[in-house]
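Here is the structure we will look at.
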Protein chains: 2
Amino acid sequence: MPETARSASARTPERRYGNRPTMKDVAARAGVGLKTVSRVVNGEAGVSPDTERRVQESISALGFRRNDSARILRKGRTASIGLVLEDLADPFYAPLSRAVEEVARAHGALLINGSSAEDPGREQELVLALCARRVDGLVIVPASDDHRYLEPEIAAGVATVFVDRPPGHIDADLVLADSFAGARDGVSHLIAHGHRRIGFIGDRPGIHTAHERLRGYRAAMSEAGLPVAEGWLAPGATDPGRVRADAERMLEGPERVTALFAGNNRVTVTLVRVLAELDRPVALVGFDDFELADLLSPAVTVIAQDPAQLGRAAAELLFRRLEGVDDPPRRMTHPTRLIARGSGELPPSD
Amino acid sequence: MPETARSASARTPERRYGNRPTMKDVAARAGVGLKTVSRVVNGEAGVSPDTERRVQESISALGFRRNDSARILRKGRTASIGLVLEDLADPFYAPLSRAVEEVARAHGALLINGSSAEDPGREQELVLALCARRVDGLVIVPASDDHRYLEPEIAAGVATVFVDRPPGHIDADLVLADSFAGARDGVSHLIAHGHRRIGFIGDRPGIHTAHERLRGYRAAMSEAGLPVAEGWLAPGATDPGRVRADAERMLEGPERVTALFAGNNRVTVTLVRVLAELDRPVALVGFDDFELADLLSPAVTVIAQDPAQLGRAAAELLFRRLEGVDDPPRRMTHPTRLIARGSGELPPSD
DNA sequence: CACAGTCTGGACAACGTTGTCACCAGCGTC
DNA sequence: GACGCTGGTGACAACGTTGTCCAGACTGTG
């Protein structure tokens, strides 16, 4: 019987889910129809207690588990959402991610997530892979500055919410912290404590939050009638080596700064290390709060935003869209909060 | 024509992916057969350049994106793996999660993850939801101590690797740090610096790592011929309030401890806060390294394990299984490393 | 006893994709 | 000039589920 042997092996893919039982198998074993099994599995009405018992017995005997891929194909909703951000392990984004997960869970959805590593190509690749999986919605912390590639997806009904940074060249829901006001407040705080020469070290201005924070810095300086020397600005650094070099440059010479403003939590931590090695005190205010900031000496004054709150707001907005709310795209801005702990209240040292 | 109207609306689910184009639509527009579109989309050979161009044009005109749910249903592999751990946002697990993601990415797979919040029921719910999605494999940091519910899944071919803690009542691949040796080394280090009364504060002993660390503590004490008073042990605390209360209890009275060993990073951080308020120095060694440990005063001596390395090892083992390696379950143990920074080298204060 | 109404259950098509197979044209061979 | 070959193409079934619809077995009623 080469016939059957060949056709059987030829038709069957390598190893389909290791030969899992299907509803058909369950139905055969229980002596009922396919649809009856479906009804039991989904808790639908119209099955007699006796039949239900037989089906349940058959299900557990065979170790059946419904294949959600087939279900999704049939129903058209995946009950899953995608989250793309820069780095899952970053202490700023981890709570954001967790908050999105909690909201998803509350809506019975699973979370698929990926890190873009600040690489636009990788962001796009991830987002489109998620779209191919037909996630119901997307939460995106952009790494790219052009999201036109998402237009067909959004048109096709993928709900999309951006967090932390705005999308490029498309209009979509957006949840932001108020970077401009936060940075302005932080720098004004330093000025209020007597500083006149203040350095700014932050991400490259291509990143929206970095741009806004630099703008806030300039606004505070200009409101106080203070000049800004070009040497006091280091927009672009984020790796410890470069931050260190920039800081050391700003801290020497006749025009040296007496205070520093750090554009994000990574920069702040590096600056804490650099300043700890100095013999004179230099004031520091950092954007983003971080664990143990209060236990350092001096404790670090920060502009705090709440990443979990941003994530929650974004996810809730997403699910509101999925429930059919069809307003024009919204932009929500969350305020920041200055937490004075000591490092930002040091007086100028010269 | 009520006929067509009724049947159309009755048969069509609410809103199928917002009416996305399918291969059939692409084929119709390009004037080719369905299978030819499939070939182009998958880069299969046997399509003339001219036809391919027509199909590509049709794809981008319609904004077509392959529906991976259907593809998965047909092919039987999802190219996705699941990760279930306690808390995505925990600074210990975040890098682990990120490492798993990187390995998955290198193998062309997506990562679906969820937090169990240390709740066995939630772990099971999550894991089974992932199985229903037919993830190819699972990486699990157990919250539960009984994983027999996974037996049918594993039998059906879901590759499964446990990390950080062993599974309960089943045999499966496992990647661990050496909690016992780590804790023993840490406590021996304190003893070597003259301490005789040392407190242990850690997770509830139901958690494997906590149990092992407590065992390591006892081993070090017993090797040094030192007695252990019951009041020096606080296995079960992990929330700041309780850790604080336990520590304060241990730090008073005639039998008071001169050093503390912390069972995990959460506990260590809380103890740093408690000890900072004391007027006399108390030595501290903590399990798990954490950011800024070197900048506190005193800097914190820790037993470091590398969560990213654990995650990477687990994910790589998983993909080796998926590639068909069929050895008996392996148990890999990673060594820990003592990093002396100051807090563990303080002499006894009485 | 005929009849409508309720309850249970199953047959069947469809979701969008991929594997198999068959077909057709164009070609070179004996 | 019948032959097989090859390369391009499409028809068709199947993946496992759910929605629709119909059929039979009961009930209670006139």
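Residue numbers begin at 1 in each chain, while the letters A, B, ... track the order of the sequences. All values derive from a computational prediction rather than experimental measurement.
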Discussion item. Starting the side chain at C-beta, find the nucleotide from C:dA13, C:dT20, C:dT17 nearest to A:Arg74.
Written reply: C:dA13

Item to complete: Quick one: list whatever passes salt bridge (charged side-chain N to carboxylate O under 4.0 Å, His left out) with A:Asp171, sequence neighbours left out.
Response: none

Discussion item. My understanding is that only one of B:Leu128, B:Val84, B:Val141 makes a side chain to side chain contact (heavy atoms under 4.5 Å, CB included) with B:Glu123; could you say which?
Written reply: B:Val84

Discussion item. Could you tell me how far apart A:Glu44 (CD) and D:dT20 (P) are, to the nearest whole angstrom?
Written reply: 11 Å

Could you list all N or O pairs between the protein and nucleotides 6-9 of chain D that sit under 3.5 Å apart?
| residue | atom | partner | partner atom | Å |
| --- | --- | --- | --- | --- |
| D:dT9 | OP1 | B:Ser48 | OG | 3.4 |
| D:dT9 | OP1 | B:Thr51 | OG1 | 2.5 |
| D:dT9 | OP2 | B:Ser48 | N | 2.8 |
| D:dT9 | OP2 | B:Thr51 | OG1 | 3.4 |

Discussion item. Please find the pair of heavy atoms, one from B:Ala143 and one from B:Ser116, that lie closest to each other, and give the distance.
Written reply: CB-OG, 3.5 Å

Discussion item. Can you measure B:Leu73 atom CG to C:dA14 atom P for me and round it to whole angstrom units?
Written reply: 17 Å

Validation: residues 318-326 of chain A side-chain donor-acceptor distances under 3.5 Å, sequence neighbours left out:
| residue | atom | partner | partner atom | Å |
| --- | --- | --- | --- | --- |
| A:Arg321 | NE | A:Asp173 | OD2 | 2.6 |
| A:Arg321 | NH1 | A:Val325 | O | 3.3 |
| A:Arg321 | NH1 | A:Asp327 | O | 2.9 |
| A:Arg321 | NH2 | A:Asp173 | OD1 | 2.8 |
| A:Arg321 | NH2 | A:Asp173 | OD2 | 3.2 |
| A:Arg321 | NH2 | A:Pro328 | O | 3.2 |

Worksheet item: Looking only at N and O atoms, is any donor in the side chain of B:Arg71 or the base of C:dT17 less than 3.5 Å from an acceptor on the other one?
Response: no

Fill in: A:Ser38 vs D:dT17: side-chain N/O to OP1/OP2 distance below 4.0 Å
no

Worksheet item: Atom NZ of A:Lys35 and atom C1' of D:dG19: how far apart are they, to the nearest Å?
Response: 6 Å

Worksheet, complete the sentence: Of the listed D:dG19, D:dG10, C:dG16, the closest approach to the B:Ala70 side chain comes from C:dG16

